[in-house]
Amino acid sequence: MASILKLKCAICECEYAPDAVTYTCPRCGMIGTLDVLYDYVALRARLDRDLIAASPLQSMWRYLPLLPIETDAVLPPLRVGMTPFYHAPRLTADLGVRAAWVKDDGLNPTGSFKDRASAMVVARAIEKGIRVVATASTGNAAAALAGIGASVGREVLETIIFVPASAPEAKIAQLLVYGATVLLIEDTYDVAFDLCFQMCLEQSWYCRNTGINPFTTEGKKTAAYEIAEALGWDVPDVVMVSVGDGNIIAGIDKGFYDLHQLGWIERVPRLIGVQAQGSSPLVRAWQAGMSAADMQPEDAHTIADSISAGLPRDRAKALRAVRRTRGAFVAVSDAEILAAIPALARLTGVFSEPACAAVYAGAKRALELGYILPSDSVAFVLTGNGLKDVRRAQESVAGGVRVQPSLDAIRRALEK
Ligand SMILES: *Cc1c(COP(=O)(O)O)cnc(C)c1O
Ligand SMILES: [Zn+2]
């Protein structure tokens, strides 16, 4: 394990001892999300990237020496991480870039990138002897916590989920199937989030909420490690990812930051975050040069439910990720997101939910705006499986032709 050196606030940069704080910076409040930092000099002397790359473990736990968990910890048994990373020649040609790859995180056990964070939080909860973990979520983080929780068993860990009652059916079904305690809150994600956190404080449940729990990014950073390792530690110029609360982009930034501190990569990729137009506070804050602390809550409306966030909870780290890597934030319309679902599926064979497909529309916008150049190599983080939201997928394509059961009728239908 990597022993944590300190927790550091992303806003005021105050430092805390590893066990001094559980959630956010006491001085800054909820905006003060914490970085989990290590003694990189000591790690550098002790670790070898080739040894890690030689690990037989085909999951995120191959990076255990860089994760905040004991080496003999009880790990959730589901295989999280080490998702496929495909070179995508037709996507490369379609975009007109030097190279494009897709990382299919929809193949995680519960179908989204969120499994990385939930596996990390559950492993830590078990290590600390915690019996109840709760989260608020637009759906995928909840499914991830419920699924990883089920994999260790209800006797070990109980999971309590706060989701907006409007979450897609498949996502709610998944929670119930896994046996989580599910509260369908008849309001927005933002409201569910605050209620969950208050209940956690009141009941002493461990809170997995995005942007509150500093360990979610420590799980999510493993995707950056995997991209770097897959490319022989020669990182792409650009990494594209869709952004709601900003925790995934923060995690990917943290992963490349760690590797750079260790001297295992020579530079870090530019991170480009994609938001839906109807939920794009980070795009505007970035364009205006605004600080995270000055951002105000607003209404969010988009079909891409997983990136609908009126006040992104991890806004401090998300803005920092884009600023310190010289990346960008772009916004795309719901129509562009819908059209991106079949476009990306036909170019790569990967079926994405709306929030995930948004990265393809975002890359087109980033090319128009000059944030991606034709000479760039680009890795796409595909965050969620298309089966998560079949209704939107159906809206994105023409209906299919009804045919009478005869060869004649089939031939006529095919001629059209
Ligand atoms: C959660 C999620 C995102 C966005 O992640 P944030 O940390 O909220 O920015 C993107 N795509 C999918 C499929 C997600 O579930
Ligand atoms: Zn602070």
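These numbers come from the heavy atoms of this one structure, side chains and all, not from hydrogens, waters or symmetry mates. Order of listing sets the numbers, starting from 1, for every ligand and every atom in it. Every value quoted in this text rests on a predicted model; they were computed, and no experiment measured them.
- Taking Cys12 as the reference, Cys9, Cys14, Cys25, Cys28 meet the side chain to side chain contact (heavy atoms under 4.5 Å, CB included) condition, with sequence neighbours excluded.
- Pocket lining of ligand 1, defined as residues with a non-hydrogen atom under 4.0 Å away: Lys114, Asn140, Lys220, Ser242, Val243, Gly244, Asp245, Gly246, Asn247, Ile248, Ser306, Ile307, Glu353, Ala355, Thr383, Gly384.
- Checking Ser118 against Arg208 by side-chain atom types alone, a donor-acceptor pair falls below 3.5 Å.
- Closest non-hydrogen pair, Gly310 versus Asp190, comes out as N-OD2, 3.5 Å.
- Around the Zn ion (ligand 2), the protein N, O or S atoms found under 2.8 Å comprise Cys9 SG, Cys12 SG, Cys25 SG, Cys28 SG.
- Ion pairing between Asp376 and Arg270 holds under the 4.0 Å rule for side-chain N and carboxylate O.
- At least one side-chain heavy atom of Phe197 sits less than 4.5 Å from a side-chain heavy atom of Tyr23.
- The heavy-atom pair separating Gln275 from Leu282 by the smallest distance is OE1-N, 2.9 Å.
- For the side-chain hydrogen bond (donor to acceptor under 3.5 Å, both in side chains) test with Asp105, the passing option among Thr383, Asn385, Thr83 is Thr83; the others fail.
- Ala357 and Ile337 make their closest contact through CB-O, 4.1 Å (heavy atoms, listed as atom of the first residue, atom of the second, distance).
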Could you give the side-chain donor-acceptor pairs of residues 137-161 under 3.5 Å, partners two or more places apart or in another chain?
from: Ser137; atom 1: OG; to: Gly139; atom 2: N; distance (Å): 2.6
from: Ser137; atom 1: OG; to: Ala141; atom 2: N; distance (Å): 3.2
from: Ser137; atom 1: OG; to: Ala142; atom 2: N; distance (Å): 3.0
from: Asn140; atom 1: OD1; to: Lys388; atom 2: NZ; distance (Å): 3.0
from: Asn140; atom 1: ND2; to: Ser306; atom 2: OG; distance (Å): 3.4
from: Asn140; atom 1: ND2; to: Glu353; atom 2: OE2; distance (Å): 2.8
from: Ser151; atom 1: OG; to: Ile148; atom 2: O; distance (Å): 2.7
from: Arg154; atom 1: NH1; to: Gly179; atom 2: O; distance (Å): 2.3

